[in-house]
Amino acid sequence: MSLDLKKKTADLLGICLKAGKAVKGFDSACEAVTAHKAACILTASDASAKTVKEAEFIGGKYNVPVYQTPLSKDDIGKLCGKSTAVIAVTDKGFAEGFRKIVISD
């Protein structure tokens, strides 16, 4: 994945976090999905296969898209203060932005 893609993802995630439109951590993200508050789920590039599979399962069950980002858990940690492999985005506009970035890869 290109450095430009990583920067675009990090920039959008930073704005999303500052706007309070993201939920950090696997359990919190799952709660947002089951409460029908999540517009998409983001996973870290170094998330375990089990974590990605579980995120895809819950996303599929509730019709919420799951996007793997080029950001590592540490990259996400630098942005939000918590190293995590899963983030739920609760705003449709931000979710569409992430879709465009990830699909353009």
Side-chain angles (χ1 to χ4, degrees):
M1 291 195 193
S2 72
L3 205 54
D4 185 46
L5 183 65
K6 192 171 181 177
K7 180 170 177 11
K8 283 181 184 178
T9 307
D11 290 347
L12 185 58
L13 183 57
I15 295 166
C16 183
L17 288 162
K18 284 181 183 157
K21 300 295 182 182
V23 179
K24 302 169 277 200
F26 182 82
D27 292 335
S28 299
C30 287
E31 287 174 20
V33 171
T34 57
H36 303 283
K37 293 181 179 176
C40 76
I41 301 169
L42 305 176
T43 61
S45 60
D46 58 349
S48 72
K50 180 180 182 239
T51 298
V52 172
K53 185 177 178 181
E54 289 176 356
E56 288 174 344
F57 174 79
I58 194 92
K61 186 175 179 180
Y62 288 90
N63 200 26
V64 175
V66 179
Y67 305 125
Q68 183 167 16
T69 70
L71 304 174
S72 69
K73 291 184 271 189
D74 288 340
D75 293 333
I76 293 170
K78 288 174 187 168
L79 290 168
C80 69
K82 175 183 178 183
S83 180
T84 185
V86 179
I87 290 182
V89 176
T90 59
D91 180 86
K92 288 182 181 176
F94 282 116
E96 178 63 16
F98 286 112
R99 186 191 69 77
K100 286 179 181 175
I101 291 170
V102 173
I103 301 299
S104 72
D105 180 24

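All residue numbers refer to positions in the sequence shown, counting from 1.
Linking ILVMFWY side-chain heavy atoms closer than 4.5 Å, directly or via other members, places Tyr62 and Val52 in two distinct hydrophobic clusters. Hydrophobic clustering (side-chain heavy atoms under 4.5 Å, transitive across Ile, Leu, Val, Met, Phe, Trp, Tyr) groups Val86 together with Val64.
Phe94 is listed as a side-chain neighbour of Ile15, based on a closest heavy-atom distance under 4.5 Å.
Closest of all the heavy-atom pairs between Cys80 and Leu17 is CB-CD1, 3.5 Å. When all heavy atoms are compared, the tightest approach of Ile87 to Lys24 is CG1-CA, 4.4 Å. The minimum heavy-atom distance linking Val66 with Ala55 is given by the pair CG2-O, 3.5 Å. Between Asp75 and Pro70, the closest heavy-atom pair is OD2-O, 4.4 Å.
Atom-to-atom distance recorded for Lys100:NZ and Tyr67:OH is 11.0 Å, nearest 0.5 angstrom. Rounded to the nearest 0.5 Å, atoms CG (Leu13) and CD1 (Ile76) are 6.5 Å apart. Atom-to-atom distance recorded for Lys6:NZ and Ile101:CD1 is 14.0 Å, nearest 0.5 angstrom. Atom SG in Cys30 sits 10.5 Å away from atom NZ in Lys61 (nearest 0.5 Å).
Within the structure, side chain to side chain donor-acceptor pair (under 3.5 Å) pairs that include any residue of residues 8-21 comprise Lys7-Asp11 (at least two apart or interchain). Sorted by first and then second residue, the pairs that involve residues 84-96 and meet side chain to side chain donor-acceptor pair (under 3.5 Å), not counting sequence neighbours, are Glu96-Arg99.
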Residues 38-47, side-chain donor-acceptor partners within the protein, below 3.5 Å, at least two apart:
from  : atom 1 : to    : atom 2 : distance (Å)
Ser45 : OG     : Leu71 : O      : 3.3
Asp46 : OD1    : Lys73 : N      : 2.8

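Within the 3.5 Å criterion, the main-chain N or O of Gly25 finds no donor-acceptor partner in the side chain of Ser28.
Screening Ile58, Val23, Asn63 against Val33 for a side-chain contact (heavy atoms from CB on, under 4.5 Å) leaves a single residue, Ile58.
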